[in-house]
There are 2 protein chains.
Amino acid sequence: MDGIGDSESFLAAYDPRAYDPIAVTVDVVALTIRDAQLQVLLVRRGEQPQAGSWALPGGFVRPLIGPDGERTEEDLAQTAARELAEEAGPQLRATHLEQLGSYGTPGRDPRMRVVSVAYLAFAPEMPEATPGTDAADAQWVPVSALGLSPTGGPVTRSVTQRPGTTRPLAFDHAQILAAGVERARAKLEYTPLATAFVREPFTISDLREVYETVWAEKLHAGNFHRKVLSVPGFVESTGDQTESGGPRGGPRAKLYRRGDATLLHPALLRPTSEEAARP
Amino acid sequence: MDGIGDSESFLAAYDPRAYDPIAVTVDVVALTIRDAQLQVLLVRRGEQPQAGSWALPGGFVRPLIGPDGERTEEDLAQTAARELAEEAGPQLRATHLEQLGSYGTPGRDPRMRVVSVAYLAFAPEMPEATPGTDAADAQWVPVSALGLSPTGGPVTRSVTQRPGTTRPLAFDHAQILAAGVERARAKLEYTPLATAFVREPFTISDLREVYETVWAEKLHAGNFHRKVLSVPGFVESTGDQTESGGPRGGPRAKLYRRGDATLLHPALLRPTSEEAARP
DNA sequence: TTAATAGTGTCTTTGAGACATTATACT
DNA sequence: AGTATAATGTCTCAAAGACACTATTAA
């Protein structure tokens, strides 16, 4: 239950400040597709512990002190959105934000008990994070460069930050990132969220590139095309087409915007999803 | 990111006890099937606020003080398992426990900022919660009796606790419960978790009753039977069969145990899952 | 002219679902 | 006997995937 326990004595004895406090943070796994790669927004830690390591953007949940000194409190999702805007620059407008999970294993932060509520954000392709702002230390990094183990367990490889300088992700952020990537892969199957990675209007090929990049699988262009158009409400034609053909030739493509479906029926299943089902 | 922010000044200024503390609780949505109904374990709140209301079992996350006075800390999932054992009695052995989500909207608890990490548990049919123990105030309640709105929003109907006494769920627990039920329904489609609601060995009909109860849909017995056996690793034959036929006749059924699959391929989709896809 | 791409057509196989059928066991 | 259930068989339709093909555009 929330709040107080079952016994009156506990209520009487309970003083929130008498216990070791538990800190609550919000961390964000922000994914985008840049250079035909799935990339995640990371920030450089300037402070101990793990100074110099890359970490997920995020921060403590605490009351905000306004200019008038008045205090307001944010929803957890609002906190996630604000952290993202602060650390990636205001030009990042995530098209999707959902809760990923919470991480509270004792010892995951060496200073105190910290429970992190992780959020997952999808954004269309972004220009480089702008140095000179709050986001000076933020950078998009290809997920493949992080060498995640499938389980998100201990990371053996690491980020190449500058020539000769590599470090693994701070805390248990590799595990959180792995969970975010897997969630993204699964959600492309059953939801129209692939459209959150592209700007409108988009072509069916744009959408296929999203699937191929996130799933790390080549898809059959013809079958994919017919499949997307056959799912009710996935995409909606604008009536227009691209100004020109592709960079290496080909006809001009029809343009689409997001449809009104919230789930894909039938779903677009991953080609290899079968192998993962058995031990 | 976890822990301290980007600026040195913040580190210097930060004293965890200087801020209004945030409490972290763990709440459990424990589901089972009793009397051919989906039921949830609820406890009666003895204290204010919301004294007398039904609530999800749960409690604060805080260090445990052992008999020697030494302190140990639990993982969030361990906390959930312990709360469940304390409030439902030790004979409840949940066969599945997973994190459901976290709820931290300001004001959801009138006393202070509380972030609740909700867990979802599945258990096979249990005897009535044992009065006279810690679980004296715990009770299995049919989910259908709680009149959940589809979104988990404000509840209009309420629990009939004793003749003439009805109350809605405390705090935002109706919303958490609704999320748990929807998660359970979805998970039956893609995972073998229906087996977590039955004891081994079980018959295909036992499994079908689980699906019919959780989904609140009648399924075609013949097609269901063939389908379950066609999914690799869903169930595994024991070679035995039931001692006798059903209560109203029929042949004796073959017995099965859980298979080794972690995902169902192909999935067992809900008959009506299509309608929910469009607004 | 060559190559690459958008979009469509066709065929095969798999699976879902409706329905029928047989055998078994309870009343 | 009559009825309910377990388990299997058959048929139809939808959908996935492999492959072919045409039309269009860039280099």
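The sequence lines fix the lettering, A, B, ..., with proteins before strands; numbering per chain opens at 1.
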Trainee: Quickly work out the B/Leu219 CG to D/dA6 C1' distance and round it to whole Å.
Mentor: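 Roughly 16 Å, once rounded to whole Å.
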Trainee: Given that A/Pro266 and B/Tyr256 both sit by DNA chain D, which one's nearest nucleotide is further toward the 5' end?
Mentor: B/Tyr256
Trainee: Look at B/Arg270 together with B/Glu217 and state whether they make a salt bridge at an N to O cut-off of under 4.0 Å.
Mentor: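 Not counted as a salt bridge, because no side-chain N and carboxylate O are separated by less than 4.0 Å.
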Trainee: For B/Leu188 and B/Leu268, what are the C-alpha separation, side-chain angles and deciding distance, and is it a side-chain contact (heavy atoms from CB on, under 4.5 Å)?
Mentor: CA-CA 8 Å; B/Leu188 291 203; B/Leu268 253 148; over 6 Å; no
Trainee: Below 3.5 Å is the cut-off: list the nitrogen or oxygen pairs between protein and nucleotides 22-26 of chain C, distance only.
Mentor:
unit_1: C/dT24; atom_1: O2; unit_2: B/Pro251; atom_2: N; d: 3.2
unit_1: C/dA25; atom_1: OP1; unit_2: B/Arg252; atom_2: NE; d: 3.3
unit_1: C/dA25; atom_1: O4'; unit_2: B/Gly250; atom_2: O; d: 2.7
unit_1: C/dA25; atom_1: N3; unit_2: B/Gly250; atom_2: N; d: 3.3
unit_1: C/dC26; atom_1: OP1; unit_2: B/Gly245; atom_2: N; d: 3.2
unit_1: C/dC26; atom_1: O3'; unit_2: B/Pro247; atom_2: O; d: 3.3

Trainee: Once you round to the nearest 0.5 Å, how far does CG of A/Leu42 lie from CG of A/Leu177?
Mentor: 7.5 Å
Trainee: Rounding to a whole Å, what distance do you find between A/His265:NE2 and D/dA15:P?
Mentor: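 Distance, rounded to whole Å: 12 Å.
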Trainee: Which sits closer to the 5' end of DNA chain D, A/Ala267 or B/Thr203, going by the nucleotide each is nearest to?
Mentor: B/Thr203
Trainee: Is A/Lys218 paired with A/Glu212 through a side-chain N to carboxylate O contact shorter than 4.0 Å?
Mentor: yes
Trainee: Measure from CZ on B/Phe224 to P on C/dG15 and round the result to the nearest Å.
Mentor: 17 Å
Trainee: Ignoring hydrogens and geometry beyond distance, is a side-chain donor-acceptor pair present between A/His96 and A/Glu98 at under 3.5 Å?
Mentor: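 Looking only at side-chain atoms, A/Glu98 and A/His96 do form a donor-acceptor pair, the distance falling under 3.5 Å.
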Trainee: What's the verdict on salt bridge (charged side-chain N to carboxylate O under 4.0 Å, His left out) for A/Arg258 and A/Glu236, showing C-alpha distance, side-chain angles and the deciding distance?
Mentor: CA-CA 6 Å; A/Arg258 300 176 184 97; A/Glu236 181 178 288; over 6 Å; no
Trainee: To the nearest angstrom, how far is A/Asp206 atom CG from C/dG7 atom C1'?
Mentor: 15 Å
Trainee: Taking atom CZ of A/Arg248 as the centre, does the number of heavy atoms from other residues, nucleotides or ligands within less than 6.0 Å exceed 12?
Mentor: no
Trainee: Quickly work out the B/Arg270 CZ to C/dG17 P distance and round it to whole Å.
Mentor: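 Distance check: B/Arg270 CZ to C/dG17 P gives 13 Å.
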Trainee: A/Leu269 has an atom CG; how far is it from atom C1' of C/dT13, in whole Å?
Mentor: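 Rounding to the nearest Å, CG of A/Leu269 and C1' of C/dT13 are 16 Å apart.
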Trainee: Are B/Phe234 and B/Tyr256 close enough that their ring centres sit under 6.0 Å apart?
Mentor: no
Trainee: Considering every strand and a 4.0 Å limit on heavy-atom distances, what is the contact class for B/Ser230: base, sugar-phosphate, or nothing?
Mentor: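 If one applies the 4.0 Å heavy-atom cut-off, B/Ser230 turns out to touch nothing in the nucleic acid.
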Trainee: So how far is it from A/Thr32 OG1 to A/Glu125 CD, rounded to the nearest 0.5 Å?
Mentor: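 If we round to the nearest 0.5 Å, A/Thr32:OG1 and A/Glu125:CD are 6.5 Å apart.
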Trainee: Just the atom pairs and distances: protein N or O near nucleotides 8-10 of chain C's N or O, under 3.5 Å.
Mentor:
unit_1: C/dG9; atom_1: O6; unit_2: A/Arg226; atom_2: NH2; d: 3.0
unit_1: C/dT10; atom_1: O4; unit_2: A/Arg226; atom_2: NH2; d: 3.4

